[in-house]
There are 2 protein chains.
Amino acid sequence: MASVKDVARLAGVSPMTVSRALNTPEKVNPETLARVLQAVERLNYVPSLSARQIRGGTSGGKTIGVLAFDTATTPFAVEMLLSLEQTAREHGWSVFILNVFETPPCPQVIDLLLSHRPDGIIFSAMQLRVLQVPAVLRDKPLVLSGCLSTEADIACYVPDDEEGQYCAVKQALERGYRRPLCINLPRHSLASTLRQQGLQRALTEAGIPLEAVPQYDISADDAYGETLDELRRRLSASNGKPDFDLLICGNDRIALVAYQYLLGCGLRIPEDVAVLGYDNMVGVAELFYPPLTTVQLPYYEMGRRATLHLIKEKHEPFIHRVPCPVISRQSW
Amino acid sequence: MASVKDVARLAGVSPMTVSRALNTPEKVNPETLARVLQAVERLNYVPSLSARQIRGGTSGGKTIGVLAFDTATTPFAVEMLLSLEQTAREHGWSVFILNVFETPPCPQVIDLLLSHRPDGIIFSAMQLRVLQVPAVLRDKPLVLSGCLSTEADIACYVPDDEEGQYCAVKQALERGYRRPLCINLPRHSLASTLRQQGLQRALTEAGIPLEAVPQYDISADDAYGETLDELRRRLSASNGKPDFDLLICGNDRIALVAYQYLLGCGLRIPEDVAVLGYDNMVGVAELFYPPLTTVQLPYYEMGRRATLHLIKEKHEPFIHRVPCPVISRQSW
DNA sequence: CTGTTAGCGCTTTCAG
DNA sequence: CTGAAAGCGCTAACAG
């Protein structure tokens with residue numbers, strides 16, 4: 001590819017003038033500038049980022065290295081990566097994403113990341129979890145997006161699951177639903193614990209005793225079968241007429257399975273039983289029949305804020321909880 | 001960050017020896033090697049990719065620049081990007097992904113791509129479409145993944161929609177289904193045309209006249225409402241008993257809507273009506289009740305082959321059709 | 001306003 | 001087996 005030298009030769013100037021024409025055009029004689037730009041155009045010249053980077057100057061723009069987890073298992077969450085990239089680009093930064101499939105990432109991948117000499121690092125996971133952060137990464141500005149760290153003094157941006165579940169249940173109760181049934185995420189999961197707290201807070205405020213709401217925790221292995229089984233059990237125990245008026249699901253996938261089962265039993269949503277999801281799976285939640293009321297995991301926001309944290313050089317090394325808005329559709 | 005010099009000083013050798021220790025360890029005295037590696041370890045030294053790249057040597061490994069389209073609108077297709085990355089890494093190459101939101105991509109993004117001095121370029125889209133390839137990109141080895149080009153002499157890896165639909169319908173007919181109803185993708189779409197051909201081929205082979213199978217083409221605007229309407233119309237025209245035994249859907253989303261509607265009507269799948277999808281949406285198709293039989297869009301394979309095309313420096317500048325396997329689950 | 005020099009981190013080439 | 005010199009593409013600092 002063409003280099004400054006080539007452009008310089010074609011324009012009949014020194015390489016330095018080419019550099020200036022591109023970086024500080026106001027310091028160049030208009031006529032010279034025109035000649036240079038014309039040469040740039042003709043050669044399709046674009047400065048090499050590597051060369052700029054190596055000089056350490058400001059001209060190249062800064063780079064964020066991203067270690068992305070769970071992209072394979074939670075593809076719907078790519079929005080977070082998109083948002084990182086967009087936000088960075090808006091500020092003249094660029095991102096470099098490395099998808100990783102194990103935690104902690106193998107040294108090989110870490111070296112690859114470091115070999116790009118990023119000015120900041122984002123460690124992201126699309127499912128709420130606690131990650132162990134390799135010590136080497138701590139030498140640079142570092143933020144976690146969508147996950148927590150085993151160490152306390154690292155900035156993290158995570159969904160506010162407690163508040164999200166609280167708001168959703170509160171709204172449901174305000175609409176008059178009184179006998180919820182919960183099909184929760186696996187008990188050991190972080191999100192599950194937080195949401196349970198949110199649920200309890202809403203229940204307590206409404207004067208509903210916790211014991212009055214039946215709960216089932218799925219195991220990680222077979223959400224599908226267990227959801228079906230639990231529903232079948234509940235329904236047959238009450239002769240096909242549900243003894244719950246609101247089904248609170250640990251995520252939209254559980255809600256999807258439940259929907260189909262309920263529909264197949266001749267039950268109407270939300271007249272016979274309302275359904276509440278969690279996640280707001282992009283492009284799917286809208287396709288529920290009727291469209292699913294759910295709580296949104298704020299992937300876009302988390303990505304944006306984590307990126308801005310780096311760009312604005314914020315010094316707030318603690319957990320930032322990002323709101324999970326309730327997306328009210330027709331299933332309640 | 002530490003550089004060769006730092007390591008050299010600490011190990012008491014010249015920078016050159018450090019370089020050799022890392023790249024051609026067999027040419028270095030074992031004792032010296034050990035000293036160097038120890039220094040490398042202590043300083044967490046990782047060679048700068050930029051510096052390597054700039055030298056143009058072979059040591060740095062090559063880079064593929066990826067222009068990715070549709071990531072936002074077709075999130076479940078990230079598998080293709082993952083596969084690019086994985087395949088490249090397996091061969092010591094690295095990838096650099098730039099998500100783009102408009103076609104053709106704005107010059108700004110193209111320059112960004114070029115500024116990384118990629119050794120090859122992959123233009124990818126996750127929905128089958130014809131893309132206009134900016135002329136500048138044609139200077140380097142170039143492949144399209146998941147999409148076609150307006151120009152003929154560019155290598156493309158795309159799903160074999162015709163064959164995929166053909167196989168699926170053929171299998172359905174072999175199972176005895178005789179009265180299909182189709183709810184197709186929008187008529188103007190590329191995939192729609194190809195699949196129509198596949199459908200017709202299977203029908204013809206089975207001696208079923210095309211006119212005998214009712215087809216509805218959804219518009220791009222409201223797949224949801226139109227699917228529902230069409231089904232409602234069909235069913236009420238025949239007093240709730242479907243006059244079709246197989247519902248062929250343009251994609252899994254249509255199938256999802258249809259599923260819920262059919263289930264809600266008290267119809268059993270597949271006893272009363274079988275359903276066939278297209279796409280095999282990862283993490284969703286399995287959640288259908290019963291699990292959806294569908295045709296898989298070969299995102300992983302397309303990504304892999306496109307990457308290998310570059311790595312192996314293949315000279316086959318034409319359309320490569322990647323098979324779409326039929327994923328047989330329980331909806332037929 | 002423009003050019004020269006020097007150096008970023010690395011590795012190829014050539015000498016020891 | 002090891003080192004010195006030179007240069008990749010670019011730009012900061014200085015000189016003209």
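The chains referred to below are lettered A, B, ... by the order of the sequence lines, with proteins before strands, and numbering in each begins at 1.
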Expressed as a whole number of angstroms, how long is the span from [X]:[atom1] to [N]:[atom2]?
{"X": "Lys27(A)", "N": "dA12(D)", "atom1": "NZ", "atom2": "C1'", "value": "10 Å"}
{"X": "Asp6(A)", "N": "dG9(D)", "atom1": "CG", "atom2": "P", "value": "8 Å"}
{"X": "Met16(A)", "N": "dG16(D)", "atom1": "CE", "atom2": "C1'", "value": "15 Å"}
{"X": "Arg9(A)", "N": "dG9(D)", "atom1": "CZ", "atom2": "C1'", "value": "13 Å"}
{"X": "Glu26(A)", "N": "dC1(C)", "atom1": "CD", "atom2": "P", "value": "10 Å"}
{"X": "Leu22(A)", "N": "dG9(D)", "atom1": "CG", "atom2": "P", "value": "16 Å"}
{"X": "Arg20(A)", "N": "dT4(C)", "atom1": "CZ", "atom2": "C1'", "value": "10 Å"}
{"X": "Arg55(B)", "N": "dA5(D)", "atom1": "CZ", "atom2": "P", "value": "16 Å"}

Practice problem: Answer yes or no: does atom NZ of Lys314(A) have more than 12 heavy-atom neighbours from other residues, nucleotides or ligands under 6.0 Å? | Solution: yes
- Query: Just wondering, more than 12 heavy atoms not from Glu41(A) lying within 6.0 Å of its CD?
  - Reply: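 No, because the 6.0 Å sphere around CD of Glu41(A) holds 12 heavy atoms or fewer from other groups.
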Looking only at side-chain atoms of [X], point me to the closest of [options].
{"X": "Arg52(A)", "options": "dT2(C), dT11(D), dT2(D)", "value": "dT11(D)"}
{"X": "Tyr45(A)", "options": "dA13(D), dC10(D), dT11(C)", "value": "dC10(D)"}
{"X": "Ile54(A)", "options": "dC8(D), dC10(D), dG9(C)", "value": "dG9(C)"}
{"X": "Ala51(B)", "options": "dC10(D), dA13(D), dC10(C)", "value": "dC10(C)"}
{"X": "Ser3(B)", "options": "dA4(D), dA13(D), dG9(C)", "value": "dG9(C)"}
{"X": "Val13(B)", "options": "dT4(C), dG3(D), dC10(C)", "value": "dG3(D)"}

OP1 or OP2 of [N] versus the side-chain N and O atoms of [X]: is any pair under 4.0 Å?
{"X": "Lys5(A)", "N": "dC10(D)", "value": "no"}
{"X": "Thr32(A)", "N": "dT2(C)", "value": "yes"}
{"X": "Ser19(B)", "N": "dC10(C)", "value": "no"}
{"X": "Thr17(A)", "N": "dG3(C)", "value": "yes"}

Mind running side chain to side chain contact (heavy atoms under 4.5 Å, CB included) on Tyr299(B) and Leu82(B) for me, showing each step along the way?
CA-CA 9 Å; Tyr299(B) 290 117; Leu82(B) 254 22; over 6 Å; no
* Parallel under 30°, tilted from 30 to 60°, perpendicular over 60°: which one fits the rings of Tyr157(A) and His320(A)? -> parallel
Parallel, tilted or perpendicular for Phe69(B) and Phe123(B), by the 30°/60° rule?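 Phe69(B) vs Phe123(B) ring planes: perpendicular.
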Comparing nearest nucleotides in DNA chain D, the 5'-proximal residue of the pair Arg117(B), Leu33(B) is Leu33(B)
